[in-house]
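The structure under discussion appears below in the form of structure tokens.
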Amino acid sequence: MGYETCQGEYCNASYDELLTHVSPYAWAYMGIALGLGLSVVGAAWGIWLTGSSLVGAAVKAPRIRSKNLISVIFCEATAIYGVILAILLLSKIGDGSEVKAGVLPEDWNYNQWYFAGYALFSSGVGVGLTNVASGISVGIAGSSCALADAQDASLFVKILIVEIFASALGIFGIIVGIIQSNDAEFPSA
Amino acid sequence: MSGLCVHNRDFGMTEALVRGFRTGFLTDQDYHHLTQCDTLEDVKMNLAETDYDAFLADAPAVTPAVILEKATAKMVAEFRFLRAQADEPLSTFLDYVTYEYMIDNVMLLLKGTLSGRDVGELIAQCHPLGRFRDSTMRSIPAFENSPKGYADLYQTVLVDTPVGPYFSQFLAESSERLGSAAEVRHVLEEVELEVVKHSLMKLYLEDFAAFCDGVGGDTAEIMGEILRARADQRAINITLNSFGTPLNEPAMRATDRKRLYPSIGFLYPAGTAKLAEAADEGALGAAISAFPVYREIWAVHQNESVEDRSIDDAFYEREVQMLELAFEGQMHFGIYYAFVKLKEQEIRNLVWISECIVQQQKDEINKFVPCFSQTAPWRAS
């Protein structure tokens, strides 16, 4: 196309080569980082959404304090999903000892290697994003729940059902994440 | 979307506080007990069981004036608590709510000096929400009662207060209108105090509406409705009250009266154009007949002798309905404004009930508009 492409030994000839030259370990660890990090972002978001309303509403209606901690616990659960997934994924990664010799062995199972990397990445991203959505959703519903409970105690259980549906989103994420990562296993030397 | 997701970070606690204050409103049952009272001591006892608690504890004698003062003080204490917790832009919003009372206070002080009343008495009558610094308050009546005095008052004192911009805008517009390079003193000499007050309120409402539109989201929508309804109420009341006064002269209508109508509001511009030309009640009725809500309110006014409800009652009811609706949504600023206004309405109710008890007019005692009442006419039973 009128420009010189790099022809050297270590240059990538195309995007295809660029992507396959990213180490599967990088994909896997990014997946774990995103899975854990985004889950915690979602949980924290939900907690401050709910907590601020809870603190204010408890000024005039102190009775709501203990019951409405359930909303906070629902948000916390999304962070726990993230931790569980992260530990699960970590156990699938080898120790990287195959490169001790500097080159990979002759019969290295590249297909399994790449598959594992991509599987762990997508698993982590999926769980992270669903937990962000779940956390925000539970947070807003929890905020309304605290305010409604302060006004009229009979509303608490009804709005809690909304929160239960919201936290189900996080469960969808972790279920699919676990299934995705089931067959992934980094080959060992 | 972003409104829902991040609103609580800055305003979650203040919103929850206001909703806590909302539970402190008097219920239908409380009003029922109050209307059964025979003396103000009974009223005090009944109020002690509500959110009002012992607010009259250190009052030497219970009179309607004392009830008004103490109940207002309670509301102002709650408001100041909210204001202390507020962040931008909520803090500016709450300040805007107080500007209206500042305008009222300045007008009260100016009018009071005209009739030569005592400074201390005037300051005691000022609404606490619109209080300036004490030095400012004291200096307002100290100016001499003349156009030059007003001019000096404006230039030295009022220009620094939050309502200063409204004064300067009003003076600029008026001096334009008076043609010559009129000085402040001439403007204030030519224009009556009532007109000054209406003009200031018009400018304030327009400014407030513009601010709410700037905040955007649900706040703009809800406050927009409320302020527009208020602007229309002012337009109709100004027109109605001008019949039989010089403001209703054909020469004055299009120039003087028309410039008192706010430029926000559902009646603007077509309705206000017609209102500007209305010379009597018939024409007024025709001017607002295109707007169903105001047509109904006008019908109440026309049936006043039959049903004993005045146009003010109808407007109060509509206002209370809109303000209660503001509480139906979460994560916007409308509830703070609604809280102040509804509390004001409740205080008016308390004073009405107390006055009826003191004057032994038990058959008039039920003519108040309760807030958050289950028996409100707009609630389907």
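Throughout, protein chains are lettered first and strands after them, A, B, ... in sequence-line order, and every chain is numbered starting at 1.
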Where B/Val6 and A/Trp48 come nearest, the two heavy atoms and their spacing: CA-CH2, 3.8 Å
Toward chain A: residues of residues 85-100 of chain B with heavy atoms under 4.5 Å: none
Distance in Å, B/His7 NE2 paired with A/Ser53 OG, rounded so as to fall on 0.5 Å steps: 9.5 Å
Distance (rounded to the nearest 0.5 Å) between A/Leu147 CG and B/Met331 CE: 8.0 Å
Over 12 non-hydrogen atoms of neighbours within 6.0 angstrom of CD in B/Glu324: yes
Shortest non-hydrogen separation from A/Ser144 to B/Gln330 and the atoms involved: OG-OE1, 2.5 Å
Pairs of heavy atoms under 4.5 Å with chain B: top-ranked of A/Ala146, A/Gly56, A/Ala61, A/Gly139: A/Gly56
For the student: nearest non-hydrogen atoms of B/Ala16 and A/Ala57, plus distance: CB-N, 3.1 Å
Spacing of B/Glu15 atom CD and A/Ser143 atom OG [to the nearest 0.5 Å]: 6.5 Å
B/Phe11 versus chain A, the contacting section by heavy-atom distance below 4.5 Å: neither
Over 12 foreign heavy atoms within 6.0 Å of OH, A/Tyr110: yes
Heavy atoms of other groups near A/Arg63 CZ, more than 12 under 6.0 Å: yes
Under 4.5 Å from any heavy atom of chain B - which part of A/Ala150: backbone
Most chain B-contacting option - heavy-atom pairs closer than 4.5 Å, from A/Ile140, A/Leu49, A/Val55: A/Leu49
A/Gln151 CD to B/Arg19 CZ distance, which is reported to the nearest 0.5 Å: 7.5 Å
Contacts with chain B made by residues 21-33 of chain A (heavy-atom distance under 4.5 Å), listed by residue number: none
